[in-house]
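Letters go in sequence order (proteins before strands), and every chain restarts at 1. These figures come from a predicted structure and were not determined experimentally.
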Amino acid sequence: VSDARPAPPIFLFGFLALAALNSMGVVPPAVQAAATQISSFLIITAIAALGMKTSLLALARIGMGPVMLLIAETVFIGLLVIGLIYGLRALGL
Amino acid sequence: MRSSAVAVDLARLWAPDNLRRAAPGVALCAAIAAVAFIADTRSLLRFGAVWVPPLILTLVIGMALQPLSARPILKPGLEFAGRTLLRVGVALFGARLTFGQLVDDGAMPILVALYDRLRRLGRPLLRSQPRFRPADRLRHRRVWRRGGNGCVRGPAQAREFRPRPRLHRDGRQLPQHGGDGPLSAAATGPGLLPVRDGRVPGRVYPRRGAGCRRRPDDGRQGTERRHHHQAAPGRLPAARDR
């Protein structure tokens, strides 16, 4: 990718579109089951690729900084969700 | 433009030549995924109560095979699988979800149930801080107004005015009117109601001007009642209180 701007996440739009179709009940159950199987297999395949690209040696070489960043991000997202739930409940939603 | 650049990227990724170059790496990843998948369907990943998700198994196998990723034959396939196939998989994942399930399932109900449990445990705590619970506040105010003996105009008089204690025939003090607060269960015994400044903790007293009528004899009764009720909190009041 030559230009620095990140591409719009088309797959997220696809995710939302499929979830919308499924919410409207358009998707027949057979298609739904097939899509479920295919999607989980694809995701597992992708995780295998990510695992192969993950080098523990390289991770140790770059130090604890990025690892701590990832952990902090995870904790932040968790706290954000919990805070949102608490906040919405306090508002009576 | 951006959209056309994205289209070009997509076309490049799915071009037959690139797919052919990506094939070995994708095949290897698919093989690893298949191993994990089959192991999961044969429940080989269940160790007693512990279930290892196939995702974790693939991740471990992949990291064990990490030195292979430097090979130029596998590299395009790994890129393709780690990026494009992941996105396709996530997009297809939407087909199994509905918007209702996004709220109903997942971690949301667990968190909500957990919150509810904590809220029940912490209810006495919340009650003693009535500012956070407007509904309770209204209810208590109503109860107090029905069962109490008059209205309080301000904090100074609130100290002097608390509901008259209900007396048993033998002079024991009965629980207060409207004693459905958190303390009522623990403090229904006579003389157990803790009194601080003439107020019962955990109960909500009406604020100034909250729809109260002032009684004509407010001031006079207040001064004389103070002697009775501020004497000693735990002590029984005189039988001839009124």
Side-chain angles (χ1 to χ4, degrees), chain A residues 1-3 5-29 31-59 77-78 81-90 92, chain B residues 2-3 5-6 9-10 25-26 28-37 54-69 74 77-102 107-108 111-112 114-116 119 132:
Chain A
V1 182
S2 56
D3 70 79
R5 275 153 66 173
I10 293 178
F11 71 103
L12 277 187
F13 296 136
F15 174 83
L16 289 178
L18 281 176
L21 281 179
N22 204 14
S23 299
M24 290 186 291
V26 183
V27 184
V31 176
Q32 203 174 317
T36 300
Q37 288 286 327
I38 293 172
S39 92
S40 51
F41 191 81
L42 285 181
I43 288 175
I44 290 180
T45 307
I47 293 299
L50 290 181
M52 287 190 68
K53 289 202 298 183
T54 304
S55 164
L56 286 180
L57 276 179
L59 206 64
I77 291 174
V81 170
I82 291 173
L84 273 178
I85 291 170
Y86 270 65
L88 292 179
R89 288 289 286 236
Chain B
R2 270 172 79 184
S3 57
V6 169
D9 272 354
L10 280 178
V26 172
L28 179 57
C29 291
I32 298 173
V35 166
F37 225 71
L55 275 182
I56 303 297
L57 183 63
T58 48
L59 198 62
V60 169
I61 296 176
M63 285 169 81
L65 296 179
Q66 191 268 332
L68 289 180
S69 68
L74 296 176
L78 294 186
E79 294 291 331
F80 184 82
R83 215 167 123 213
T84 311
L85 289 190
L86 181 64
R87 292 179 177 184
V88 174
V90 170
L92 276 179
F93 192 77
R96 86 157 79 161
L97 292 178
T98 62
F99 287 132
Q101 281 173 331
L102 286 182
M108 198 85 94
L111 287 175
V112 168
L114 195 69
Y115 168 74
D116 195 53
R119 198 171 59 99
F132 296 119

Among A/A49, A/A33, A/S39, which residue forms the greatest number of heavy-atom pairs with chain B at distances under 4.5 Å?
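When all of A/A49, A/A33, A/S39 are compared, A/S39 has the most.
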Separation of B/R83 CZ from A/L50 CG (nearest 0.5 Å)
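A/L50 CG to B/R83 CZ: 12.0 Å, rounded to 0.5 Å.
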Kindly compute the distance separating CG (B/L86) from CD1 (A/I43), expressed to the nearest 0.5 Å.
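Answer for the CG-CD1 pair, B/L86 versus A/I43, is 6.5 Å.
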Measuring only between side-chain heavy atoms, which start at C-beta, is A/I44 closer than 4.5 Å to B/L55?
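Yes; the side chains approach each other to less than 4.5 Å.
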Under 3.5 Å, side chain of A/T45 to main-chain N/O of B/A33, donor-acceptor pair present?
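Between the backbone of B/A33 and the side chain of A/T45 there is no qualifying donor-acceptor contact (under 3.5 Å).
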Quick check on [X] against chain A: is it the side chain, the backbone, both or neither that has a heavy atom closer than 4.5 Å?
{"X": "B/I32", "value": "side chain"}
{"X": "B/L57", "value": "neither"}
{"X": "B/F37", "value": "side chain"}

Where do [X] and [Y] come nearest, in terms of heavy atoms and distance?
{"X": "B/L59", "Y": "A/G51", "value": "CD1-CA, 3.9 Å"}
{"X": "B/Q66", "Y": "A/S55", "value": "NE2-CB, 3.2 Å"}
{"X": "A/M52", "Y": "B/L65", "value": "CE-O, 3.6 Å"}

